[in-house]
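Worksheet: one structure, shown below.
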Amino acid sequence: MTEATSMILAINCGSSSVKFAAYRGAEEVLVRGKIQHVSGAEVAQQIVGRLDKIGLLDSIKAVGHRIVHGGNRRTPVLIYDTVMAELEESRGMAPIHMTAALDMVQSLRRALPEAHHVACFDTMFHADLPDLARTMPLPRYLTDKGIARYGFHGLSCTYLLRTFARRAGERAASGKLIIAHLGSGASMTAVKGMKSIDTTMGFTPEAGLMMGTRPGDIDPGVFNYLMRTQGFDLTQLERMMQSECGLVGVSGVSSDMGELLEMAGKDARARQAVDLFCYQAQKFLCGLCGPLGGVDAVIFSGGIGENFPEIRAQICKGLGFLGISLDETSNTENAFEISRPSSSTRVYVIKTDEEAIIAEQTLAVVENLN
């Protein structure tokens, strides 16, 4: 399969939706779409139906799947039965994402049995984290079993870093960067010399920043308290941590930042949810400056980071001591660079495209089969 004739379907299962895009080669986008989560089988049927309707289904030669947790894997891999069994064992490491993604893989392998299916891992970008960033302060018998910081949103970081290098130059991209991928899932990554040196998510995508329905970092004593005094079991704890916390938990009404911003003027809980999200994001941003030894640029991305100037402004407010100063007009317009000319730390907004990286990695795997 050559790039000129290859047709690749990129599947991006997130925590709240599935994005997909069909490519000719790894660059020409033929169609893309987004479907809110239902079951993997139903979403797969919808995607297959759309491709069939526009006459692309029979041309799909490879399907690339975003797999959130790849453990220590450093390269994308062709999915065959043995690999599928290995991935199934990882469901518990990221239940929301892995269940959705693996159900999708199973459904599309059945729907497109002649296509090559490739797993593209979100953890690969962080595979070379420094030992101190990777190690968790746990007993050795647990860290020896692989419980460590893996980091996520790596496909997004890969795209954003490449795009930043193209638009701002290799020198800027090689500096001290903080990538803020803020969406339903939210994380920040410290990048130095174009490599990840620390990141806010950990063993699972539930750690770090406050998110749409996940709390991020939380005192583990809370779990002990809930089990001892409130009768919580593991199922209740998992459900709470995955779907009842974060923005929706604090506001009591929504995990959607746009809806919360509309309500914030008259609903105190919605306002508090927005403020807490920004407060925690600011705190984590400052925290990553330590491992970096300063910061040259901040890149906002993700559904929240790309689309809500108020959130970016609130996160950056008061960070003049880091050399951060936003240009109000540029920020309001969601411009590429939103910092003032006088700002020593540059601030940017880049729309991420994980599907593009999935397509590129999938093409590389499939072409190596020839």
Side-chain angles (χ1 to χ4, degrees), residues 14-16 68-69 90-99 122-123 126 129 132-139 142-143 145-153 178 180-190 198-257 260 268-288 290-291 302 304-305 311 314-315:
S15 59
S16 61
V68 165
H69 215 305
S90 301
R91 277 187 190 254
M93 298 171 80
I96 298 176
H97 298 81
M98 292 297 285
T99 296
D122 240 357
T123 45
H126 308 287
L129 275 177
L132 290 180
R134 181 172 294 280
T135 302
M136 292 185 169
L138 295 170
L142 292 177
T143 55
K145 292 180 181 294
I147 297 182
R149 183 178 307 280
Y150 288 96
F152 301 91
H153 288 140
I178 294 176
H181 179 114
L182 308 180
S184 296
S187 73
M188 290 187 183
T189 296
D198 206 345
T199 188
T200 57
M201 285 181 169
F203 179 67
T204 75
E206 296 180 17
L209 302 174
M210 173 182 173
M211 306 178 217
T213 63
R214 288 167 272 167
D217 284 356
I218 190 168
D219 179 355
V222 171
F223 306 136
N224 298 335
Y225 172 81
L226 291 174
M227 289 187 288
R228 286 174 176 167
T229 69
Q230 305 299 311
F232 273 54
D233 59 22
L234 178 60
T235 299
Q236 288 173 299
L237 283 174
E238 286 185 333
R239 181 174 63 248
M240 181 193 74
M241 289 290 291
Q242 295 166 9
S243 61
E244 299 175 1
C245 295
L247 291 174
V248 72
V250 176
S251 71
V253 291
S254 178
S255 63
D256 185 282
M257 183 60 80
L260 293 175
R269 293 186 305 172
R271 181 74 259 170
Q272 186 183 41
V274 172
D275 291 345
L276 185 59
F277 180 91
C278 295
Y279 171 79
Q280 290 204 350
Q282 185 185 80
K283 183 169 69 171
F284 275 96
L285 189 156
C286 291
L288 288 175
I304 295 173
I311 299 301
Q314 192 167 338
I315 292 171

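Bear in mind that the values here come from a model prediction, so they are computed numbers and not experimental data.
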Side-chain ([X]) to main-chain ([Y]) donor-acceptor, under 3.5 angstrom:
{"X": "R149", "Y": "A133", "result": "yes"}
{"X": "R134", "Y": "H126", "result": "yes"}
{"X": "T213", "Y": "G246", "result": "no"}
{"X": "S187", "Y": "T200", "result": "no"}

Please list, chain by chain and in numerical order, all residues satisfying side-chain contact (heavy atoms from CB on, under 4.5 Å) with [X], sequence neighbours excluded.
{"X": "Q236", "result": "F232, D233, R239"}
{"X": "T123", "result": "H69, F121, Y150, F152"}
{"X": "S90", "result": "M93, M98"}
{"X": "A190", "result": "I197, D198, L288, L292"}

Q: Tell me, with the steps shown, if V250 and F277 meet side chain to side chain contact (heavy atoms under 4.5 Å, CB included).
A: CA-CA 10 Å; V250 176; F277 180 91; over 6 Å; no
When you compare the side chain of [Y] with that of [X], does any pair of heavy atoms fall below 4.5 Å?
{"X": "P215", "Y": "M241", "answer": "yes"}
{"X": "I311", "Y": "C278", "answer": "yes"}
{"X": "L226", "Y": "M240", "answer": "yes"}
{"X": "Q282", "Y": "L285", "answer": "no"}
{"X": "T189", "Y": "H153", "answer": "no"}

Considering only distance and modelled atom types, tabulate donor-acceptor pairs under 3.5 Å from the side chains of residues 201-210, sequence neighbours left out.
unit_1, atom_1, unit_2, atom_2, d
T204, OG1, E206, N, 3.1

Q.
For a quick test of reading the model, state the closest non-hydrogen atom pair linking V248 to S243 and the distance between them.
A.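 Closest heavy-atom pair between V248 and S243: CG1-O, 3.8 Å.
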Q. Any idea which heavy atoms bring G183 and I304 closest together, and the distance?
A.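 Reported closest heavy-atom pair: O-CD1, 3.7 Å.
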**Q.** Residue pairs fulfilling salt bridge (Lys or Arg N to Asp or Glu O under 4.0 Å) with at least one residue in residues 219-230, sequence neighbours excluded
**A.** none
I need the [X] [atom1] to [Y] [atom2] distance, nearest 0.5 Å.
{"X": "R269", "Y": "Q272", "atom1": "CZ", "atom2": "CD", "value": "10.0 Å"}
{"X": "M188", "Y": "H181", "atom1": "CE", "atom2": "NE2", "value": "11.5 Å"}
{"X": "L276", "Y": "S251", "atom1": "CG", "atom2": "OG", "value": "11.0 Å"}

